[in-house]
Amino acid sequence: MTHVTERFFITTAISYPNGVPHLGHAYELMASDAIARFMRLDGRDVFFLTGTDEHGLKMAQTAEREGLTPIQLADRNAAAFRAMGKALDSTNDDFIRTTEPRHYAASQAIWRRMEANGDIYLSKYSGWYSVRDEAFFDEKELTTGEGGKRFAPSGAPVEWVEEESYFFRLSAYQDKLLALYASQPDYIGPESRRNEVVSFVERGLEDLSISRKTFTWGIPVPGDEKHVMYVWVDALTNYITAAGFPDEQAPRWKYWPASVHIIGKDIVRFHAVIWPAMLMSAGLPLPKRVFGHGFLTNRGEKMSKSLGNVLDPIAMSQQYGLDAFRYFFLREIPFGADGSYSHEAIVGRLNADLANDLGNLAQRSLSMVNKNCEAKVPPRHALTGDEDTLLASAYALAAGGRRHMDSFALHAILNDIWKVVGDTNRYFAAQAPWALRKTDPARMETVLWTTAEVLRVIGLVAQPFIPIAAGKLLDLLAVPVDRRMFAHAVPDQALVPGTVLPAPMALFPRYVEPETAGEGA
RNA sequence: GGCAGUGUAGCUCAGCUGGUUAGAGCGUGGCACUCAUAAUGCCAAGGUCGGUGGUUCGAGCCCACUCACUGCUACCA
C-alpha cells in the first residue's frame with residue numbers, strides 16, 4: 001500500500017469503419033479488454049482506448065456509393081463498432097473517432113511540432129499508379145506489354161503520376177529506431193515481428209509521404225489547406241489525442257506514454273517504425289510496447305465475403321455465450337499467432353473446459369456444501385499434504401499470470417488456471433467427500449472447504465477472461481465485491497467458515513446442438 | 001531472388017544449457033464412481049520427433065544438405 005499506483009494505458013488499433021465490424025475486430029477488442037481487466041484487477045490505474053479511423057479515400061468512396069456524406073457513413077458505422085463493444089462488454093474508457101474536433105487539434109499540433117523540428121518538407125510524390133487497384137506499384141512489380149506499356153500484377157494498366165506532397169523525414173530516424181529496438185528488446189512483440197521490423201529498418205528508410213491533394217476527406221494540413229493529412233499522421237495520432245494532447249495539463253496526459261498498443265500483425269510496422277519516429281520528431285515520449293496479434297481463419301480458410309464464412313461477432317457471442325466466445329479465442333490461440341476457429345472447436349472448448357471442468361466442479365462441490373454444511377462455508381480442520389499442494393498451486397496463479405502477462409501470453413495464463421481446475425477435479429474425486437460424509441464428516445468439511453477456497457482463487461484470476469461467470473462464481477462463494485482483486489488471491493483472504501452461501505447455480509450451460517435438441521421448436 | 005521462421009501422437013501444441021521407457025489437452029477404446037451440467041476419475045491404444053547424411057559415449061534439441069509451409073521485402077488500416 002505504500003507504492004504509487006502504476007498506470008497502464010492500453011489501446012487497440014482504431015478500426016476503419018467503411019464496413020461493419022467483423023470477428024477480427026472483436027478478437028482484438030476482447031484480447032485488449034482481457035489485458036485491461038487483468039491490469040485493473042492487479043491494482044493498476046488503467047486507461048483503455050479503442051475507436052475508429054474515419055478519414056481517407058475509401059471512406060469517401062464508400063459513402064458516395066451509398067449515397068451518403070462521409071460523415072454520415074462514419075456516424076453510422078462508428079455506432080456499429082461502439083455497439084459491438086457494448087455487446088462484448090468491453091471496458092474501454094474512451095472511444096475515439098478521428099473526425100472529432102479534439103483529434104483535429106491533436107493531429108495539427110503534432111504536425112506543427114514535427115515541422116518545427118525540421119522534419120516536414122514539401123516535395124513531389126511520384127510512382128506508377130493503377131487507378132483500378134487504387135495503389136502504387138514498384139517498378140519491379142510491373143510487367144511490360146507491347147509498346148512499353150506497363151501493367152500492375154493484377155493486369156491493370158498503370159500510369160506515372162506525380163503529386164505534390166508533404167514528406168516526413170523518416171530517413172533521419174533510422175539509427176535512432178535501431179537504437180530503440182536494441183535498448184528495448186521487448187518493444188515489439190511477438191519476437192518474429194520484431195525481427196521483421198529490425199531487418200526492415202536495417203535495409204534503410206525512405207522519407208514518407210504524409211499528405212494528399214487528391215482527396216479532401218481528412219484533416220487539413222496546417223498552413224496549407226490544399227492538402228489533407230494522409231493516414232499516418234491522422235490515424236496514429238489518435239493515441240495521444242485521447243490522452244489529451246496537445247494539452248499536457250489534461251487529466252489524461254498522465255497516462256502517456258501508452259504501455260502497449262495491441263494491433264493486428266499487418267500494421268506492426270506502422271506502429272513500430274513510423275509512430276515512434278513521429279513521436280521522436282515531436283519530442284514526445286514513446287509507447288513502451290507494440291504487440292501484433294495474429295489473424296483468425298475459419299477452419300484454416302481466410303474469412304472472406306465470397307466464401308461466405310464471415311461471421312457476425314455479436315451473433316456469435318449470443319450463440320455461445322459471451323464468456324465462452326471470449327474464452328475460446330483467448331485460450332485456443334497463442335496470443336500473437338494466427339488461429340483457426342470452427343463451430344466444433346468452440347463447442348468443444350465450451351463444453352469440456354467451461355461446462356464440464358469448471359462449471360461442474362463448482363456445481364458438484366457447492367451443492368454438497370449446500371446440502372451437508374447448512375449452506376455455509378464449512379469448517380476447515382487440519383490440512384494434509386494434498387490440501388497444501390493444491391492450495392499452493394492455486395495461490396501461485398496470480399504471480400504466474402503476471403509473469404505470462406509480461407509477454408501477453410494470455411493463452412498460457414488460461415492454461416495454468418485450467419491445470420489447477422483439473423487438479424481440483426482429481427483431488428475431489430480422490431478424496432470422495434460423498435463417502436467421507438458417512439465415515440469422517442470433519443474430513444469431508446475440510447475437503448469441501450479446500451475445494452471452495454481453490455474455486456475462490458480460480459474465480460479471482462479468471463475474471464479478466466470470463467468476467468460474467470467468474471463474477472457469478474465469486475457470488476456463489478459470497479466473496480464481497482471489494483475483495484476480488486488479485487491481491488486477495490492469498491491465504492490471508494481465504495473463505496471464512498460459517499459464511500452463508502447462496503444456493504448453487506450453473507455457471508455454464510452445456511452447448512447442445514439445436515438440431516439434436518428435440519422436436520425443433 | 002534475399003532475410004526470418006515453422007514442420008513432434010487423429011487434432012491443437014509443450015519439450016530448459018543434447019543424457020534414463022518423447023509429454024499435455026482434446027478426440028478414441030475400456031473400467032470405476034454417483035457428489036455433480038450423461039458430468040468426474042482411472043487405465044489403454046496411438047508419434048522415433050518432415051527427409052538424408054554428419055558431430056558426439058549419447059540428439060527431437062548441434063552441423064550440412066534437402067522437401068514442404070508461413071511471414072517480411074514500405075505509402076494497403
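Numbered from 1 within each chain, the chains take letters A, B, ... in sequence-line order.
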Options [options], nucleotide nearest the side-chain atoms of [X]:
X: H271(A); options: rA4(B), rA36(B), rA77(B); result: rA77(B)
X: N360(A); options: rC75(B), rU37(B), rG71(B); result: rU37(B)
X: F270(A); options: rC26(B), rA77(B), rC76(B); result: rC76(B)
X: N195(A); options: rG71(B), rA4(B), rU40(B); result: rA4(B)
X: K371(A); options: rA36(B), rG71(B), rC75(B); result: rA36(B)
X: I267(A); options: rU37(B), rC26(B), rA77(B); result: rA77(B)
X: R364(A); options: rC33(B), rC75(B), rU40(B); result: rU40(B)

Over all strands shown, is [X] touching base, sugar-phosphate only, or nothing at heavy-atom distances under 4.0 angstrom?
X: D357(A); answer: sugar-phosphate
X: I274(A); answer: nothing
X: W418(A); answer: nothing
X: A13(A); answer: nothing
X: G204(A); answer: base
X: L236(A); answer: base
X: G348(A); answer: nothing
X: K419(A); answer: nothing
X: D207(A); answer: base
X: L205(A); answer: base
X: S199(A); answer: nothing

Tell me the partner of [N], counting only Watson-Crick (N1-N3 plus N6-O4 or O6-N4) or G-U wobble (N1-O2 and O6-N3) with both under 3.5 Å; none if nothing fits.
N: rU21(B); value: none
N: rA44(B); value: rU28(B)
N: rG53(B); value: rC63(B)
N: rA77(B); value: none
N: rU37(B); value: none
N: rG71(B); value: rC3(B)

Can you tell me how far [atom2] of [N] sits from [atom1] of [X], to the nearest Å?
X: L350(A); N: rG25(B); atom1: CG; atom2: P; result: 20 Å
X: R349(A); N: rA24(B); atom1: CZ; atom2: C1'; result: 11 Å
X: L170(A); N: rC75(B); atom1: CG; atom2: P; result: 13 Å
X: E191(A); N: rC3(B); atom1: CD; atom2: C1'; result: 15 Å
X: R203(A); N: rG2(B); atom1: CZ; atom2: P; result: 13 Å
X: R426(A); N: rC35(B); atom1: CZ; atom2: C1'; result: 18 Å
X: K265(A); N: rA77(B); atom1: NZ; atom2: P; result: 18 Å
X: D353(A); N: rA39(B); atom1: CG; atom2: P; result: 14 Å

Between [N] and [M], how far apart are the two [atom1] atoms, rounded to whole Å?
N: rG58(B); M: rC3(B); atom1: C1'; result: 35 Å
N: rA68(B); M: rU56(B); atom1: P; result: 31 Å
N: rG15(B); M: rG7(B); atom1: P; result: 10 Å
N: rA39(B); M: rG29(B); atom1: P; result: 13 Å
N: rA22(B); M: rC33(B); atom1: P; result: 33 Å
N: rC43(B); M: rG60(B); atom1: P; result: 27 Å
N: rG27(B); M: rA74(B); atom1: C1'; result: 45 Å
N: rU12(B); M: rG47(B); atom1: C1'; result: 15 Å

Below 4.0 angstrom from OP1 or OP2 of [N], is there any side-chain N or O of [X]?
X: K58(A); N: rC76(B); answer: no
X: R510(A); N: rA39(B); answer: yes
X: Y230(A); N: rC76(B); answer: yes
X: N415(A); N: rG25(B); answer: no

Hey, is [X] close enough to [Y] for a salt bridge, meaning N to O under 4.0 Å?
X: R403(A); Y: D406(A); result: no
X: E332(A); Y: R349(A); result: yes
X: R193(A); Y: E196(A); result: yes
X: R76(A); Y: E66(A); result: yes

*With rounding to the nearest 0.5 Å, note down the distance linking CZ in F167(A) to CD1 in I120(A).*
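The CZ atom of F167(A) sits 12.0 Å away from the CD1 atom of I120(A).
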
*Minimal non-hydrogen separation, G292(A) against V268(A), with atom names*: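 Taking G292(A) first and V268(A) second, the nearest heavy atoms are CA-CG2, 3.8 Å.
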
*Specify the residue among L507(A) and L208(A) whose closest nucleotide of RNA chain B lies further upstream toward the 5′ end.*
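This one resolves to L507(A).
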
*Residue closer to the 5' end of RNA chain B, M368(A) versus I210(A) (nearest nucleotide)*: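 It is M368(A), whose closest nucleotide lies nearer the 5' terminus.
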
_Axial cation check for F295(A) ring with K265(A), 6.0 Å and 45° limits_ =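 Here K265(A) passes the 6.0 Å and 45° test against F295(A).
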
*Between the side chains of E387(A) and Y427(A), does any donor sit under 3.5 Å from an acceptor?*
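Result is yes, a qualifying pair exists.
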
*Distance-only polar pair, side chains of T241(A) and H103(A), donor-acceptor under 3.5 Å*: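 Per modelled atom types, T241(A) and H103(A) side chains form a pair under 3.5 Å.
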
*Should R456(A) and E453(A) be marked as a salt bridge (Lys or Arg N to Asp or Glu O under 4.0 Å) after you check the CA-CA gap, both sets of side-chain angles, and the distance that decides it?*
CA-CA 5 Å; R456(A) 181 185 73 89; E453(A) 169 62 3; 2.9 Å; yes

_Base of rA39(B), side chain of N356(A) - is there a donor-acceptor contact under 3.5 Å?_
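By the distance-only test, no, there is no pair.
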
